[in-house]
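Down below is the structure, laid out as structure tokens.
The analysis underlying the following values was restricted to heavy atoms, covering all of them including side chains, and did not include hydrogens, waters or symmetry mates. No experiment lies behind these values; they were computed from the predicted model shown. Residue numbers start from 1 in every chain, and the chains themselves are labelled A, B, ... in the order their sequence lines are given, proteins ahead of strands.
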There are 2 protein chains.
Amino acid sequence: MSQQIPEVVIFRLPTYLYILNLLDEENVEIVSSQELGARLQMTPAQIRKDLSYFGKFGKQGKGYNVKLLLSELRRIMGLEREWNMVLIGTGRLGKAILDYSRMTLKGFKYVAAFDIDPALVGEMAGDIAIQHISELPQTIKTKSIDIGVLAVPPSQVQQAVNQLVDCGVKAILNYAPVATQAPKDVRIRKVDPGLVLQTMAYHLQSLGTA
Amino acid sequence: MSQQIPEVVIFRLPTYLYILNLLDEENVEIVSSQELGARLQMTPAQIRKDLSYFGKFGKQGKGYNVKLLLSELRRIMGLEREWNMVLIGTGRLGKAILDYSRMTLKGFKYVAAFDIDPALVGEMAGDIAIQHISELPQTIKTKSIDIGVLAVPPSQVQQAVNQLVDCGVKAILNYAPVATQAPKDVRIRKVDPGLVLQTMAYHLQSLGTA
DNA sequence: GTGTGTGAATGTTTTCACAGCG
DNA sequence: CGCTGTGAAAACATTCACACAC
């Protein structure tokens, strides 16, 4: 039953959610770990084991009820509520992030955007009015912000992290290509396509060398 | 010495490269696995073991020469050459990617951009003239493209993947929030901030529940 | 018969701990 | 001495294989 759940399992949950949403749209009602495995290129055993960390959602001889498993997963993953985010840094990168997010994010909402440049205050970034960074603490409280997203220049990242941490934000997504430090109860994740490309280069190269 | 190198190790190489670049800029000449571990929040033993898969780069009693290790890593990772990329899909997402990339990518270069919409052909996306998708095979050959990047609507992703695969492209970065299939010698990586946010939501939730 | 849930077995990754080099 | 490089041990993750439920 309920033990310490491996971090890798958590990383796979979004994949399960994704494929189940797809199946649901296709009006599939029941799915076996066999079929899920075929779609996701993973072994049925792994899927069953992963799900078993959270409970017993299947029926022997049949498989999993798609709608049921979907709603259980959403609950487990904390996606039954909306999460409020702030964007810090509204330059080209910041605007691109807002733009991108509008098309792909469900359950996560940018509710405020900040910049350090007073000249930008009051301008619109998408449908959000840019505020000055000095108003951050106030807004985090009143709009109950859960997640901070950083799109500031490398030199300002640590400062921004500190401010978010001081305001009690426990999750930060960092789009700047620099590492930062924070207390260990604060979860920081760096998003950087450059890193992904580098691992691709490694494999491409060994293709030629092999 | 040289055995099968674990995939996790490959994923960590960019991190090592990153921190070494930083140290080099700080004019640090020698660094121990101890210090690297402190900076990267990982154990010294893991760093030594990881590096040992590729050779012996350190000096006992001293540590690693930063410049030497840097250049060795660059060689190992295939970053001594430039890699050519094409962007497929030049809508808002595609333009945002080009924009973002200009500031963060070293060693990776977008050399062409394609769209299926004839109305967009000839327009500029950043400093690249948009071409019609029908010209893709020709361009991949003449400009020796290594990596394809997808920013097309979900419904068109599989088609775009097929075209890239037919042209011999072995590495694809997919920014669309859908899974795709390709022969297993083709490396596809999905980049999706939504997935990262979902794992964050899980942890935030358990913070409240615990 | 069919497919889940799960201990046990296997495989992989991380950490330990120390010989040996500078 | 100090710190690397590395077998061996420990921890962790995946896969197997089967009892049991439908």
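The main-chain N or O of A/Ser144 is found under 3.5 Å from a side-chain atom of A/Asn84 such that the two form a donor-acceptor pair. In this structure a side-chain-to-backbone donor-acceptor pair under 3.5 Å is missing from A/Tyr110 to A/Ile97. Using modelled atom types, one side-chain atom of A/Tyr100 and one backbone atom of B/Tyr175 make a donor-acceptor pair closer than 3.5 Å.
At whole-Å resolution of the value, NZ in A/Lys59 and P in D/dC22 are 8 Å apart. Note: CG (B/Leu51) to C1' (D/dC3) measures 13 Å, nearest angstrom. The nearest whole Å value for the distance from the OH atom in B/Tyr64 to the P atom in D/dG2 is 17 Å. Between the CD atom of B/Gln60 and the P atom of C/dC21 there is a distance of 8 Å, given to the nearest Å. At whole-Å resolution of the value, CG in A/Asn65 and P in D/dC22 are 15 Å apart.
In summary, A/Glu26 and A/Arg39 engage in a salt bridge, as defined by a charged side-chain N under 4.0 Å from a carboxylate O. A salt bridge links B/Arg81 with B/Asp146: the closest approach of a Lys/Arg side-chain nitrogen to an acidic carboxylate oxygen falls below 4.0 angstrom. Using a 4.0 Å cut-off between charged side-chain N and carboxylate O, A/Glu135 and A/Lys143 make no salt bridge.
There is no side-chain donor-acceptor pair under 3.5 Å between A/Asp50 and A/Gln46.
Looking at residues 20-39 of chain A, you'll see A/Ser32, A/Ser33 sit with a heavy atom under 4.0 Å from some atom of DNA chain C.
For A/Gln34, the CD atom sits in a loose shell: 12 or fewer heavy atoms of surrounding residues, nucleotides or ligands are nearer than 6.0 Å.
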What does nucleotides 9-18 of chain D look like as a protein-contact string, B for base, S for sugar-phosphate only, - for none, at under 4.0 angstrom between heavy atoms?
----SSBBB-

